[in-house]
Amino acid sequence: MTAPATKRAATSLADDVGSILARLGAGPGEGGAGALVARSPVSGEVLARLPTDQAADADAAIARAHAAFLAWRLVPAPKRGELVRLLGEELRAAKDDLGRLVSIEVGKIRSEGLGEVQEMIDICDFAVGLSRQLYGQTIATERAEHRMMETWHPLGVVGIITAFNFPVAVWSWNAALALVCGNAVLWKPSEKAPLTALATQALFERAAARLREQGVDVPPGLAAVLVGGRELGETIVDNPRVALVSATGSTAMGRRVGPRIAGRFGRAILELGGNNAAIVTPTADLDLTLRAAAFAAMGTAGQRCTTLRRLFVHDSVYDTFVPRLQQAYRSVAVGDPLAADTLIGPLIDKPAFEAMQQALQDAAAAGGAICGGERVDAGFGADAYYVRPALVEMPTPAGPVERETFAPILYVMRYGDFAEALRLHNAVPQGLSSSIFTNDLREAETFLSAGGSDCGIANVNIGPSGAEIGGAFGGEKETGGGREAGSDAWKAYMRRATNTINYGRTLPLAQGVRFDVA
């Protein structure tokens, strides 16, 4: 890589971040001296140095959260929903600032940074409606003059451990639902994205203050942020007062976290790896498919859990479609994510770049033909890692194809038989998201059927990424099996009670059992 001709002023992004934090009420004091160095992948420069919380701090925060839960669970659910409604208002007012902070801290292009904040607003709207719809049900009973029903109650403290790639949206999926369900929330953001968490917490505190002005008691400690490393996550995972842990990260992380939570009989929502695939059939609309595959594979610099990583293209359209896709890879704008015309921003850091280069070396050794993948000089120097997305034509779906590399690498393979393509599609350990591009009704319905995609998300004629909050988000197999966001995901944040009421004067027993005493 040649030396850059231009570079941002050394403190430009840091000054920008300081101003944003001050406007949002999170600083500039939050960005003082400390052990955790927050850097921007945009330029590699230091944004802030933050003090870190220790295990004792986490234990104290959990105790405060538990005390807050004991009070908050007694607040009527619609009043709890009002807190989330006010949070949504604060997010709307701060959308530009918080979206820009997301872009600076994790390198997302501007529309994606703003889109992430919009996702937070959307889940707040969803949760407000949900606060009046925490329905149980009446159940038929075999006993006369009895009524049986199901009720749902708040669960406790919800620990939320998030990854860098969606630094605020995933918190909101959990927190908005958890709060209307009557729980307290404790958030450990990624060490690579602490500033957006501090800004979001400041907005939450604004919303809480407004609700207190309405006469509703919002207990202190109801929502809190813990800044630090792995030991903080371990404290949250191991503490029996944390009723539910929602953790987003790698499958390796899930292997460590899952057994520890299960060992204390806690609940877990694990959002882990995704090695997502799409099938392009002979009847596919290739113009639509090109746009969908390009965004799904290259968007967010390939750093989404739902990024398209494997593409199976039918023999009959392969030689037409793949060269067009290669051209898109060669021409897509890579550079400063804050610039209006950029579509691909930086990788998060050097280890991500090195993992990408290793995967490409492994692909070449397995016979892959690589288009792209080289480092790009975006004018920010050696500490910013920009790459051209890589499209790799593979002879077989082996080697690096079988694992998730968190970078913009798309492995493309031919197929001739639909059943074989479907088998290969499912032949990876992960099971998050999937797509098929077809105008054949039978292929589409087969893909969505029990004998089709084995993923938690299965789409037709759209890519695997870009899920809306109305549907439950999550996957199967090594993806973890948890669900967040829409549909009935709210039930994970509550405990179910089955109630039977005898309003008669006799005591019939179920199943015809007799137990008469004098």
Q: Could you tell me whether a side-chain N or O of Asp383 sits under 3.5 Å from a main-chain N or O of Gly44, the two making a donor and an acceptor?
A: no
Q) Would you say the side chain of Val242 lies within less than 4.5 Å of the side chain of Val237, judging by non-hydrogen atoms? A) no
Q: Please assess Arg324 against Asp287 for the test salt bridge (Lys or Arg N to Asp or Glu O under 4.0 Å), listing each intermediate value before the final yes or no.
A: CA-CA 10 Å; Arg324 293 181 61 190; Asp287 290 336; 2.7 Å; yes
Q | Working for salt bridge (Lys or Arg N to Asp or Glu O under 4.0 Å), residues Arg310 and Glu402 | A | CA-CA 9 Å; Arg310 298 176 297 135; Glu402 297 174 326; over 6 Å; no
Q) Any side-chain donor paired with an acceptor under 3.5 Å for Thr162 and Trp187? A) yes
(Q) Can you confirm whether Val106 sits close enough to Val102 that some side-chain heavy atom of one is under 4.5 Å from a side-chain heavy atom of the other? (A) yes
Q) Which atoms form the tightest heavy-atom contact between Gly107 and Pro346, and what is the distance? A) O-CD, 3.4 Å
Q. For Gly372, does its backbone N or O pair with a side-chain atom of Arg330 as donor and acceptor, under 3.5 Å?
A. no
(Q) Using the side chain to side chain contact (heavy atoms under 4.5 Å, CB included) definition, which of the options Lys188, Arg230, Glu271 pairs with Ile161? (A) Lys188
Q. What are the two closest heavy atoms between Gly88 and Ile121, and how far apart are they?
A. O-CG1, 4.3 Å
**Q.** Thr251 side chain vs Glu478 backbone, donor-acceptor pair below 3.5 Å
**A.** yes
Q | Side-chain heavy-atom pair Val313, Thr281 within 4.5 angstrom cut-off | A | no
Q. Roughly how far, to the nearest 0.5 Å, is CZ of Arg375 from CG of Leu347?
A. 9.5 Å
Q) Which residue, Asp454, Leu272, Asn275, Asn276, forms the side chain to side chain contact (heavy atoms under 4.5 Å, CB included) with Gln430? A) Asn275
Q. Side chains of Asn499 and Thr151: do they bring a donor and an acceptor to under 3.5 Å?
A. yes
Q | Check: Ser250 side chain, Met253 main-chain N or O, donor-acceptor pair, under 3.5 Å | A | yes
Q. Any ion pair linking Asp319 and Arg414 (charged N to carboxylate O, less than 4.0 Å)?
A. yes
Q.
Quick check: closest heavy atoms across Ser433 and Pro464, and the distance to 0.1 Å?
A. OG-O, 2.7 Å
Q. Got a salt bridge between Asp349 and Lys192, using NZ or NE/NH1/NH2 to carboxylate O under 4.0 Å?
A. yes
Q: Using distance alone, with no hydrogens and no angle criterion, decide if Glu393 and Gln326 have a side-chain donor and acceptor under 3.5 Å apart.
A: yes
Q: State yes or no: are the ring centers of Tyr415 and His314 separated by less than 6.0 Å?
A: yes
Q.
Cation-pi check for Tyr411 against Arg309: NZ or CZ below 6.0 Å from the six-membered ring centre and within 45 degrees of the axis, yes or no?
A. no
Q: Spell out, as yes or no, whether a donor-acceptor pair under 3.5 Å connects the side chain of Thr342 to the backbone of Asp336.
A: yes
Q | Gly81 to Val180 - nearest heavy-atom pair and separation | A | CA-CG1, 3.8 Å
Q) Quick one: are Leu424 and Phe312 in side-chain contact, heavy atoms under 4.5 Å? A) yes
Q. With a cut-off of 6.0 Å (strictly less than), are more than 12 heavy atoms of other residues, nucleotides or ligands near CD of Glu468?
A. no
Q) Mind checking whether Tyr493 and Arg267 have side chains closer than 4.5 Å, heavy atoms only? A) no
Q) Any salt bridge between Arg92 and Asp125, counting N to O under 4.0 Å? A) yes
Q.
Show, in sequence, the C-alpha distance, side-chain angles and deciding distance for Trp152 and Trp490, and conclude whether the side chain to side chain contact (heavy atoms under 4.5 Å, CB included) test is met.
A. CA-CA 10 Å; Trp152 294 85; Trp490 63 271; 4.0 Å; yes
Q) Is the side chain of Thr438 donor-acceptor paired with the backbone N or O of Asp440 at a distance under 3.5 Å, no angle test? A) yes
Q | Note: Glu234-Arg256 ion pair, threshold 4.0 Å (strictly below) | A | no
Q. Where do Ile457 and Gly474 come nearest, in terms of heavy atoms and distance?
A. CG1-O, 4.0 Å
Q.
Are Val185 and Asn174 packed together at the side-chain level, in the sense that at least one heavy-atom pair is separated by less than 4.5 angstrom?
A. no
Q: Taking the side chain as every heavy atom from C-beta outward, state whether Pro189 and Val225 have any pair of such atoms under 4.5 Å apart.
A: yes
Q.
Between Asp362 and Arg403, does any side-chain N to carboxylate O distance fall below 4.0 Å?
A. yes
Q | Phe473 and Trp173 aromatic ring geometry - parallel, tilted or perpendicular at 30°/60° bounds | A | tilted
Q: Could you tell me whether Arg39 and Glu191 have a side-chain N and a carboxylate O separated by less than 4.0 Å?
A: no
Q | Basic-acidic side-chain contact under 4.0 Å: Arg291, Asp285 | A | no
Q | Donor-acceptor contact below 3.5 Å, side chain Asn459 vs main chain Ile436 | A | no
Q) Looking at Thr289 and Ala284, what are the two nearest heavy atoms and their distance? A) OG1-CB, 3.9 Å
Q: For Glu105 and Leu195, indicate whether the former's side chain and the latter's backbone hold a donor-acceptor pair under 3.5 Å.
A: yes
**Q.** Close side-chain approach of Arg483 and Ile269, heavy atoms under 4.5 Å
**A.** no
Q. Between Ser434 and Ser453, does any side-chain donor sit less than 3.5 Å from a side-chain acceptor?
A. yes
